[in-house]
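Inspection log for the structure reproduced underneath, given as structure tokens.
Note that these values count all heavy atoms, side chains included, but never hydrogens, waters or copies made by symmetry. If you read the sequence from its start, that first residue is 1, and numbering goes on from there.
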Amino acid sequence: SSAYYLLGYTSSRAPTDGKFHEIKVNVKRRGVDVRARKGYWALSKADVARVTAPARPEPPAAVSNALTSLAEPSGGRPARFWIGTTRGENGASRLTFAWEPIDIPASDKRTEPASRIALTATSADGKPMFRGRIPDSAPGMPAGTATPPAALPSAATPPAPAPSRGGSVTFDVPPGQIQLRITVEGERGQVVDSVTRELTVPDYTQVQVTLGTPRLFRARTVREVQALRASPNAVPAVDREFSRTERLLVRVDAFAPGGTVPDVTATLMNRGGASMSDLALQPGAGGSFEAELPLSALAGGEYLIQFTASTPSGKVQDTIAFRVGR
């Protein structure tokens, strides 16, 4: 045919029973072939409510960014990393790098397990801040302290003989842009992965209230929580997934000009950014604030903690996300 017509209609009955309704189409003209659908499925009342409901507001950008950080590395990544900053000495900022190996399934023959990390940190002008392999440190132990770059081992240094379950290092850096070149090595010293991270280190000497990177520590008993409280340099958990049988020690540093102590609050939120409860922060050593969060009362899923530090001159916020296993 040289042309065709498509006809449609709206039922005056407008059923909302979710059932199938038959359609019969008849014409009076002879020699006309009519092709029509046999019927349609009506919307249910729940469907109508969902379609006509106003759109849900998008979560704040801070919530979306924090949840994005929970995403596991893409397939083939053998290690996960945590990078945090706080105030150092003599106007410098202090950077902590920690890592943990990811358990590789036995069925994955393409990815080799990670044994150690070779880290190189340079400033925006190319000046080396740190270069070497990360010293091992057990969970809850103080992070290793970096030696001057000239005394650090180069990439040609033979690898340490024993595999590790992660480690950390802490060193001072100037505020501003920092580049981290992270090389993941296998048990024989072979390169199994490499990552480059760009980050902006805050200036904690500025005349505004500032927050250090929030830290989460895992513990199973009250005694382990007490040990973490007594260790201001404890290495935070790199993994952001926890069990309901665990407890979290939440810690954040807050600084204000003139040595004043800012007012710091912490709020537990669901993944949509809605407030669930306030955490009882207590002052710790070195300008830190900390709170204990038992996870047994939380259902499996994703949660956020929003930190707010305020003074009469202004306030600043930071949000961190974590996941509770089901």
Side-chain angles (χ1 to χ4, degrees), residues 69 71-74 76-89 92-104 111-202 204 212-217 233-240 253:
S69 68
E72 284 289 338
S74 57
R77 283 292 167 85
R80 59 173 63 93
F81 317 110
W82 180 86
I83 304 169
T85 61
T86 187
R87 186 169 65 182
E89 299 180 356
S93 299
R94 183 154 295 168
L95 185 147
T96 297
F97 174 89
W99 77 280
E100 290 178 355
I102 295 177
D103 292 330
I104 307 299
T111 305
E112 298 188 45
S115 291
R116 60 192 66 84
I117 296 290
L119 176 68
T120 301
T122 56
S123 60
D125 58 2
K127 181 180 179 181
M129 299 288 101
F130 177 85
R131 185 180 66 248
R133 290 184 171 83
I134 304 302
D136 299 339
S137 62
M141 299 299 292
T145 301
T147 54
L152 293 170
S154 66
T157 304
S164 69
R165 289 297 300 174
S168 67
V169 68
T170 298
F171 51 93
D172 287 345
V173 295
Q177 293 293 319
I178 294 292
Q179 183 184 78
L180 299 179
R181 293 193 295 274
I182 308 164
T183 302
V184 184
E185 298 179 352
E187 184 176 355
R188 303 184 304 276
Q190 75 279 22
V191 176
V192 297
D193 194 16
S194 61
V195 181
T196 299
R197 296 280 180 90
E198 305 277 351
L199 67 148
T200 302
V201 178
Y204 293 99
T213 306
R215 288 154 288 172
L216 299 180
F217 304 86
N233 295 322
V235 180
V238 178
D239 190 5
R240 283 293 177 267
D253 300 332

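A donor-acceptor pair is defined here as one N or O able to donate and one able to accept, closer than 3.5 Å; such a pair exists between the side chain of S93 and the backbone of P202. Side chain of Y204 to backbone of T85: a donor-acceptor contact under 3.5 angstrom is found. Judged by distance alone, with hydrogens and angles left aside, the side-chain atoms of S115 form a donor-acceptor pair with the main-chain N or O of E187 at under 3.5 Å. Distance alone, capped at 3.5 Å, is enough to place a donor-acceptor pair between the R240 side chain and the A237 backbone.
M129 has its side chain within reach of P174: a pair of non-hydrogen atoms, C-beta onward, lies under 4.5 Å apart. Side-chain atoms of T122 and R181, non-hydrogen and from C-beta on, do get closer than 4.5 Å to each other. Within the 4.5 Å cutoff, the side chain of T170 has heavy atoms near those of the R94 side chain. Annotation: side chain of E112 is not in contact with side chain of E185 (no heavy-atom distance under 4.5 Å). Contact check for L199 versus L95: side-chain heavy atoms found under the 4.5 Å cut-off.
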Task: Verdict with reasoning, F97 to I134, per side chain to side chain contact (heavy atoms under 4.5 Å, CB included) - done: CA-CA 9 Å; F97 174 89; I134 304 302; 4.0 Å; yes
Open item on the list: For a side chain to side chain contact (heavy atoms under 4.5 Å, CB included) check, start with the C-alpha distance between L119 and R131, then their side-chain angles and the critical distance, and finish with the verdict.
Closed with: CA-CA 6 Å; L119 176 68; R131 185 180 66 248; over 6 Å; no
TODO: Show the numbers, then the answer: is there a side chain to side chain contact (heavy atoms under 4.5 Å, CB included) between T96 and T86?
DONE: CA-CA 9 Å; T96 297; T86 187; over 6 Å; no
- [ ] For the pair T120 and F130, evaluate side chain to side chain contact (heavy atoms under 4.5 Å, CB included) and give the outcome as yes or no after the intermediate values.
- [x] CA-CA 6 Å; T120 301; F130 177 85; over 6 Å; no
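For R77 against I104, the heavy-atom pair with the smallest separation is O-CD1, 4.3 Å. Between E89 and D172, the closest heavy-atom pair is N-OD2, 4.4 Å. Summarising the geometry of W99 relative to A114, their closest heavy-atom pair is CZ3-CB, 3.9 Å, with the distance given to 0.1 Å. Here the closest heavy-atom approach between residue V192 and residue G186 is recorded as CG1-N, 4.0 Å. Residue L180 comes nearest to A121 through the heavy atom pair CD2-CB, 3.4 Å, listed as atom of the first residue, atom of the second, then distance. Across all non-hydrogen atoms, the minimal contact from P78 to V184 is CG-CG1, 3.8 Å.
Using a cutoff of 4.0 Å between basic side-chain nitrogens and carboxylate oxygens, D253 and R87 are not scored as salt-bridged.
In this structure, a donor-acceptor pair under 3.5 Å is absent between the side chains of T183 and S194.
Between the CH2 atom in W82 and the CG atom in L216 there is a gap of 9.5 Å [rounded to 0.5 Å].
Enclosure of atom CD in E198 by more than 12 non-hydrogen atoms of other residues, nucleotides or ligands within 6.0 angstrom is indicated.
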